[in-house]
Structures are given as structure tokens and as C-alpha cells.
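Only one structure is covered here, and it is reproduced in the block below.
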Amino acid sequence: MFAHLIACSLGVILDRLIGDPPKMPHPIRWIGNTIQWLTKRLNIGKFRRMKGLLLVIVVVGITTIVTYLIVIAAYTVGTIFGILVESVMIAVALAQKSLQQAANDVYTPLVEGNLKEAREKLSWIVGRDTDKLSVPEVTRGVVETVSENTSDGVTAPLFWAFLFGATGIWMYKAVNTLDSMVAYKNEKYGDFGFVAAHTDDIFNYIPSRITGFLMLIGTKKESSQPFSYRLKGWLRDAKKHPSPNSGFLEAATAYQLGIQLGGTNSYKGVISERAKMGEPETELAPRHIKIAIEQMHAVTTLFWLTGVIIGGILIVVT
């Protein structure tokens with residue numbers, strides 16, 4: 001347990017400072033390739049929901065077993081070596097650095113007045129149409145992405161790392177990758193991706209709510225509203241989001257920053273109306289991207305600190 005806490009701590013630091021080396025083959029690609037190979041062979045014919053269940057069992061099972069064996073082998077060599085290997089495995093599964101970079105890639109051309117480039121860079125990280133978006137709408141796309149992925153890409157995987165070390169974090173990453181690749185509500189994936197989507201919802205249920213609450217109590221407040229007002233608004237508006245978890249991140253960000261998220265999006269020309277969260281005390285502006293990045297780092301630190309304190313107490317008690 002103590003070794004896992006050290007590995008989690010080192011992993012957070014490594015991800016914050018270094019991120020993913022650009023030329024290093026990322027394990028997510030291997031998981032993704034496995035999902036693609038199995039999907040081509042399973043997502044056909046009848047009983048697609050059952051085949052989707054088989055996909056989840058195989059992908060998550062293989063990822064978990066392989067990771068577990070690597071961790072066990074590393075600790076067999078020695079405790080220090082095991083901690084170092086596990087910390088790298090945890091760092092690679094986190095996304096602080098990459099999320100910050102993706103947001104800054106949009107922020108820079110936006111503040112330089114190059115709206116065309118900002119729209120293009122935004123299209124790399126969101127699924128909505130971006131070619132006609134205004135500056136506030138481009139900003140909204142980035143802030144929503146950073147907010148949602150603070151949990152999906154950082155605190156939720158860290159939550160599973162605290163529970164089960166590198167094995168837990170890569171179990172989560174397998175689930176999350178399945179969700180991103182097959183959990184679409186359309187004719188092709190509706191039944192096949194059903195289990196993947198609901199499994200991801202379950203894995204993110206607790207971390208998303210903890211993260212949203214930590215945003216409200218421990219990050220920079222731009223809103224003029226008192227905590228009780230923001231808390232009630234957060235709990236109310238979070239339920240408006242089509243995702244059972246993402247709303248708890250976006251609503252927290254909206255109330256902390258005194259902005260409004262949600263609204264009209266376009267996906268391949270098809271208009272989608274998302275419920276609005278928060279109250280527009282101020283208009284969205286590029287500076288809110290920087291604040292969202294700061295918020296992500298602050299809540300990650302708080303989440304890590306909470307995990308270390310709880311883990312330390314459990315070590316002492318047991």
C-alpha cells in the first residue's frame with residue numbers, strides 16, 4: 001500500500017512535468033488496435049449487445065492481467081525498482097500535460113487574433129463542427145473539454161490508481177478507451193457499445209462527483225456568488241447533462257468561473273441543443289481557458305492530497 005502511494009505521487013509529478021514523450025509508443029494505441037481488431041469481428045450479425053459484453057471482458061481482462069504481471073515482475077526485482085516502474089506506468093496513463101498543451105494550442109492563436117487556426121486546433125479535441133464558431137464559442141469548447149477531461153483524463157484514473165496501483169489505472173484506461181471507440185448512440189454501435197458505455201459510467205461515477213466538489217471548494221473562484229448558491233446550482237445543473245458524470249465537471253466549472261456552458265452545438269451539420277449550466281456573470285473569453293487549466297492543476301493536487309491522506313490513515317489503522 002505504501003509503495004503504491006509513492007508510485008501514485010511520483011506518477012502525478014512525472015505527468016505534470018514531462019507528460020508523454022512524443023516518440024514513445026503509447027499503450028493506449030495497443031489497446032485501441034485490439035479494440036479495432038475485435039470490433040471488426042464481433043460487431044456483425046445478431047446478439048450484438050452480448051458481443052459487446054464479450055469485447056469489454058476481453059479487452060479489460062487482457063489489459064488488467066498484463067499490467068498486473070508487469071507490476072509483480074517489477075516488484076520481484078526490488079521495491080525501489082517496482083515503485084519506479086509503477087510510477088512510470090501511472091504517469092503514462094495520466095493526461096495533465098497533454099490536456100494543458102491541447103488547450104494552449106487553441107488559446108495561443110485565439111489571443112493572437114487567428115480565429116481560423118484556433119477553430120482548426122479546437123477541431124482536434126472536440127467532435128463538434130468548429131469552422132463557424134465565434135471567439136466565445138471556441139473558448140466554450142476548450143473550457144468544456146478541459147473541465148470534463150480533468151476527471152476522465154486525470155482524477156478518475158488516479159482514483160483507480162490509489163485503489164489498485166498501476167493495475168487499477170490501466171483497467172480504467174481500457175474501459176475509457178472502449179467508451180471512446182464504440183460507445184456511440186447510432187445504428188452501428190448502439191447495441192454493441194451499450195455495455196462499454198455503461199461500464200465507463202460506473203467507473204467514473206464516484207471520481208466525477210469528488211472532482212466536481214473539489215473544484216467548488218478548492219479552486220480559483222471568479223463568480224461573485226456565495227458557496228451555498230454555487231453548490232445548489234452545481235447539484236441542479238449537473239443533472240441536465242446527457243452524461244451521468246460529465247455534468248458534475250462542467251457545472252462546477254461554470255459556477256466557479258461565473259460563466260455559462262452548454263448551448264447549441266453542431267455535429268456534421270446536425271444541430272444539437274445542450275442544456276445550459278451556470279449563469280453568465282461574464283462573457284466567455286480566452287482568459288477562461290487559462291483559468292480552466294489552472295483549475296485542472298489545482299483540483300488534481302487536491303485529489304492527490306486527499307488520496308494520500310486517506311491512504312496514509314488506512315496504513316496506520318491496518
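Predicted model only: the values in this text are computed from it and were never measured.
- Between the OG atom of Ser9 and the CH2 atom of Trp304 there is a distance of 5.0 Å, given to the nearest 0.5 Å.
- At least one donor-acceptor pair under 3.5 Å links the side chain of His288 to the backbone N or O of Ala285.
- Across every non-hydrogen atom of Gly212 and Leu249, the tightest pair is N-CD1, 4.0 Å.
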Test salt bridge (Lys or Arg N to Asp or Glu O under 4.0 Å) on Arg49 and Asp191; report intermediate values, then the result.
CA-CA 5 Å; Arg49 189 166 291 190; Asp191 283 333; 3.2 Å; yes
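- Residue Tyr267 qualifies as enclosed at atom OH: its count of foreign heavy atoms under 6.0 Å is above 12.
- Residue Ser208 comes nearest to Ser151 through the heavy atom pair CA-OG, 3.6 Å, listed as atom of the first residue, atom of the second, then distance.
- Between Trp160 and Leu163, the closest side-chain pair of non-hydrogen atoms falls below 4.5 Å.
- Interatomic distance, NZ of Lys40 versus CD1 of Ile35, reported as 13.5 Å (0.5 Å rounding).
- No side-chain donor-acceptor contact under 3.5 Å links Asp200 to the backbone of Ala196.
- One finds the CG atom of Leu305 at 8.5 Å from the OG1 atom of Thr301 (value rounded to the nearest 0.5 Å).
- Ring orientation note: the planes of Trp234 and Phe213 are tilted relative to one another, at an angle of 30° to 60°.
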Where do Met89 and Val71 land on the side-chain contact (heavy atoms from CB on, under 4.5 Å) test, with the steps shown first?
CA-CA 9 Å; Met89 294 173 72; Val71 172; 4.1 Å; yes
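- Among all heavy-atom pairs drawn from Ala3 and Tyr75, the shortest one is CB-OH, 3.6 Å.
- Distance alone, capped at 3.5 Å, is enough to place a donor-acceptor pair between the Ser180 side chain and the Thr177 backbone.
- Transitive grouping of hydrophobic side chains (ILVMFWY, heavy atoms separated by less than 4.5 Å) keeps Leu94 and Ile125 in distinct clusters.
- Taking NE2 of His297 as the reference point, atom CD of Gln96 lies at 6.0 Å (rounded to 0.5 Å).
- Note on ring orientation: taking the six-membered ring where Trp is involved, the planes of Phe192 and Tyr189 are tilted (angle from 30° to 60°).
- A side-chain donor-acceptor contact under 3.5 Å links Ser87 to the backbone of Leu84.
- The 12-atom threshold is not exceeded at NZ of Lys239, counting heavy atoms of other residues, nucleotides or ligands nearer than 6.0 Å.
- What you find for Ala166 and Thr67 is that their closest heavy atoms are O-CG2, 3.4 Å.
- In this structure, the side chains of Lys173 and Ile28 come closer than 4.5 Å at one or more pairs of heavy atoms.
- A cation-pi arrangement is absent between Arg230 and Tyr255, since the terminal nitrogen or guanidinium carbon is not both under 6.0 Å from the aromatic centre and inside a 45° cone about the axis.
- Without hydrogens or angle criteria, Glu281 side chain to Ser224 main chain gives a donor-acceptor distance under 3.5 Å.
- Figure legend: cation-pi geometry between Arg209 and Tyr205, with NZ or CZ positioned under 6.0 Å from the six-membered ring centre and within 45° of its axis.
- Using the six-membered ring where Trp is involved, Phe203 and Tyr172 have ring planes that are tilted, between 30° and 60° apart.
- Residue Trp170 forms a side-chain contact (heavy atoms from CB on, under 4.5 Å) with just one option from Thr63, Ile90, Thr64, Val66, and that option is Thr63.
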Please test Leu54 against Leu38 for side-chain contact (heavy atoms from CB on, under 4.5 Å), starting from the C-alpha separation and ending with a verdict.
CA-CA 10 Å; Leu54 178 61; Leu38 288 170; over 6 Å; no
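- Between Val138 and Thr130 the shortest side-chain heavy-atom distance does not fall below 4.5 Å.
- With 3.5 Å as the limit, one finds no donor-acceptor pair spanning the side chains of Thr282 and Glu222.
- Ile83 approaches Ala7 most closely through the heavy-atom pair O-CB, 4.0 Å.
- Using a distance-only test at 3.5 Å, with no hydrogens or angles considered, no donor-acceptor pair links the side chain of Asn104 to the main chain of Tyr107.
- In summary, of the residues considered (Thr155, Thr300, Asn204, Asn245), a side-chain hydrogen bond (donor to acceptor under 3.5 Å, both in side chains) with Thr211 occurs for Thr155 alone.
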Between Val146 and Ile289, is the side-chain contact (heavy atoms from CB on, under 4.5 Å) condition met? List the steps.
CA-CA 8 Å; Val146 173; Ile289 295 175; 5.7 Å; no
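- With contacts defined as side-chain heavy-atom distances shorter than 4.5 Å, the pair Leu55/Lys51 does not qualify.
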If you apply the rule side-chain contact (heavy atoms from CB on, under 4.5 Å), what do you find for Phe81 with Thr76, and how did you get there?
CA-CA 9 Å; Phe81 183 75; Thr76 300; over 6 Å; no
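- Salt bridge present: Glu117 and Lys121 bring a charged side-chain N and a carboxylate O closer than 4.0 Å.
- Here CD of Glu294 is found 5.5 Å from NZ of Lys220. Values are rounded to the nearest 0.5 Å.
- Glu279 places a side-chain heavy atom less than 4.5 Å from the side chain of Tyr229.
- Of the possible donor and acceptor atoms, one in the side chain of Gln256 sits under 3.5 Å from a partner among the backbone N and O of Thr219.
- In terms of heavy-atom proximity, Leu5 sits nearest to Gly307 at CD2-O, 4.1 Å.
- Counting heavy atoms from C-beta outward, Glu148 and Ser243 have side chains that stay 4.5 Å or more apart.
- Put simply, the side chain of Thr150 never gets that close to the backbone of Met296: no donor and acceptor are under 3.5 Å apart.
- Taking a 6.0 Å sphere around CD1 of Ile80, one finds it holds 12 or fewer heavy atoms contributed by other residues, nucleotides or ligands.
- Exactly one residue among Glu144, Arg140, Arg274, Glu137 makes a side-chain hydrogen bond (donor to acceptor under 3.5 Å, both in side chains) with Asn265. That residue is Arg140.
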